[in-house]
Amino acid sequence: MSLYLGVDLGTSAVKVILVSGDGRVLNTVINEYDLHFPHPGWAEENPDDWWNMTKDGIRQVIQGFDSNDIKGLAVAGQMHGLVTLDENDNVIRPAILWNDGRCYKETDYLNNVIGKEFLSRHSANIAFAGFTLPKILWMRNNEKEAFGRIKKIMLPKDYINYKLTGEFTTDYSDASGMLLLDVGNKKWSDEMIEIAGIEKNMLASLHESYDAIGKIKKEIAEELGLGEDVLVAAGAGDNAAAAIGTATVGNGRCNISLGTSGTMFISSSSFNIDKYNALHSFAHADGNYHLMGCMLSAGSASRWWMLDILGTHDYLAEESRINEERLGKNKVFFLPYLMGERSPINDTDARATFTGMSMDTSRADLTQSVLEGVAFAFRDSFEVAKSLGLDIKKSTICGGGSKSSLWRKIIANVLGIPLEILETEQGPGYGACILAMVADGLYESVEEASGHLVKIKKTEYPDAELVKAYDERYAEFKEIYPAMKELFKKLGGK
């Protein structure tokens, strides 16, 4: 029996899963690591923490199984994070993460001085503070000595691959979020590299996500208890890998990922650029392309409300306070911009607000508004997709937040489409396993593998009356940010 390892290198933990060739999840291990906030709006992690926890996870997940049966491994990783190595392959500084907002000046420079048209022409995207290029420019502007020692620039999952194989690689899906890749032509952009002030040899070789990049180094295989012939696939950015794990491949499929961040992922067989620059135009892990809307605070907004404000870990108890008859009738609105926002507003100054509270506002109303605020933010990206002529009739949904039946019901009715819940929902890690299977030759293509392995368990259907009610609420919601935008700008950095 052939077995495959999928590594999901997330923002707060690494999740390692062991999957059989017929798609059964045999074991799962989750190891957490520290997330650091050295200044307001900053977010950093130590790449060696990722490596140590990944190694521990692999050792733990294969216990009780024959290591000779393990044929392949792939890593899916949090996107955009800047990992820098010196000439001795030492990490120069903590990784600057996707949700770090320090690069607002560099982002403004790229969009307003270099120009959005130039960026879109050479990289298919405009600058967002979370992207990798603004982080590189921030290092160049603020840490000149450290910047001068850079010999290799990596994304988080590629650091794990480098430690596993010694191969300096990346894949097109993850590289798309660096603002250094000519996405349409799948090559590094000389123009963007020049803007970054780096050398092309500092960037990794480019591969499709399902390409085998090498085998695990002998000494690492021995340390992990693996055989020497385990293939390592190039892997993918977490959103692309999650899409593979939900069969969001080929043309016109949609997946909503309700994790720490939130994404709306729309697969395409052809390359498209969003003329409004609200959605990202990226390469997909299936060898094609996709459009993606990304919000910075989705599941993390609920977590913040439950843990930090209400002081409870009992999410279900809080949700049980919400009478379903109140859905679509809540007078309280929540803007979920706790760390600024990316799609579609691209505003690092934006902040979260509760709007519409009165003396009869209840705890349940506020909890409901948080769940609805995230759903409305998803609809913002959904509306952009529709304006581009995309006809999205249904979507799969994954991520920790999707385990809430109430939240699924709200999102289905806010968007007005059925949401499909998967039989096996392991997010990016499951997609990584599929990539490893393709790299090993078990399946000829990602689309074939996903179609064979991914099954739908049940579907959340919208209710026509509730859809109508939420249409009215959304019309009110979308007026709040424009009314607050200038105030957010005045308060920015304070």
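Nearest heavy-atom pair, T28 versus V61, reported as atom, atom and distance to 0.1 Å: N-CG2, 3.9 Å. Counting all heavy atoms, side chain and backbone alike, L279 lies closest to G293 at CD2-CA, 3.6 Å. Contact detail for A43 and L35: the closest heavy-atom pair is CB-CD1, 4.4 Å. Here the closest heavy-atom approach between residue V183 and residue S123 is recorded as CG2-O, 3.3 Å. Closest approach of L206 to K187, counting heavy atoms only: CD1-CA, 3.9 Å. Counting all heavy atoms, side chain and backbone alike, A298 lies closest to V374 at O-CG2, 3.9 Å.
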- Going through the checks in order, is the side chain to side chain donor-acceptor pair (under 3.5 Å) test met by N255 and T396? CA-CA 5 Å; N255 178 60; T396 51; 2.8 Å; yes
- How far apart are the C-alpha atoms of R140 and E106, what are their side-chain angles, what is the distance that settles it, and do they pass the salt bridge (charged side-chain N to carboxylate O under 4.0 Å, His left out) test? CA-CA 10 Å; R140 191 175 78 179; E106 289 74 16; over 6 Å; no
- Query: Under the salt bridge (charged side-chain N to carboxylate O under 4.0 Å, His left out) criterion, do R59 and D56 qualify, and how do the steps go?
  - Reply: CA-CA 5 Å; R59 282 191 290 257; D56 284 350; 2.5 Å; yes
- Apply side-chain contact (heavy atoms from CB on, under 4.5 Å) to the pair M339 and W304, showing each step before the final yes or no. CA-CA 12 Å; M339 299 189 70; W304 164 81; over 6 Å; no
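No hydrogens or angles considered: a donor-acceptor pair under 3.5 Å links the side chains of D48 and Y159.
Here K403 pairs with E425 under the salt bridge (charged side-chain N to carboxylate O under 4.0 Å, His left out) rule; sequence neighbours left out. Residues passing the side chain to side chain contact (heavy atoms under 4.5 Å, CB included) test with K152 are L85, D89, M154, Y162, F168, sequence neighbours excluded. Applying the salt bridge (charged side-chain N to carboxylate O under 4.0 Å, His left out) criterion to D100, with sequence neighbours excluded, gives R102.
A 6.0 Å sphere centred on NZ of K217 holds more than 12 heavy atoms belonging to other residues, nucleotides or ligands. Atom CZ of R93 is surrounded by more than 12 heavy atoms from other residues, nucleotides or ligands within 6.0 Å. Atom CD of E199 is surrounded by 12 or fewer heavy atoms from other residues, nucleotides or ligands within 6.0 Å. For K186, the NZ atom is densely surrounded, since the number of other residues' heavy atoms within 6.0 Å is greater than 12. No more than 12 heavy atoms of other residues, nucleotides or ligands lie within 6.0 Å of CD in E32, so this atom counts as exposed by the packing criterion.
Distance check: S173 OG to Y289 OH gives 12.5 Å after rounding to the nearest 0.5 Å. The line from CG of L453 to SG of C433 is 10.0 Å long, rounded to the nearest 0.5 Å. Here CD1 of I244 is found 8.0 Å from OG1 of T246. Values are rounded to the nearest 0.5 Å. Expressed to the nearest 0.5 Å, how far NE2 of H290 lies from OG of S176 amounts to 7.0 Å. Between N346 atom CG and E341 atom CD the span is 9.5 Å, to the nearest 0.5 Å. For the atom pair OH (Y33) and OG1 (T54), the distance works out to 6.5 Å, reported to the nearest 0.5 Å.
Electrostatic pairing of D171 and K157 counts as a salt bridge here, judged by a charged N lying under 4.0 Å from a carboxylate O. Salt-bridge annotation for K485 and D347: absent, with no side-chain N of the basic residue lying under 4.0 Å from a carboxylate O of the acidic one.
Residues L179 and L110 are in side-chain contact: their nearest non-hydrogen atoms beyond the backbone lie under 4.5 Å apart. Under the 4.5 Å side-chain criterion, counting only non-hydrogen atoms from C-beta, L164 is in contact with L224.
Checked against L155 for a side-chain contact (heavy atoms from CB on, under 4.5 Å), the options L9, T132, V83 give a single hit: T132.
You'll find the ring centres of F128 and H80 outside the 6.0 Å limit.
For the pair K15 and Y430, the NZ or CZ position fails the cation-pi test of under 6.0 Å to the six-membered ring centre and within 45 degrees of the ring normal.
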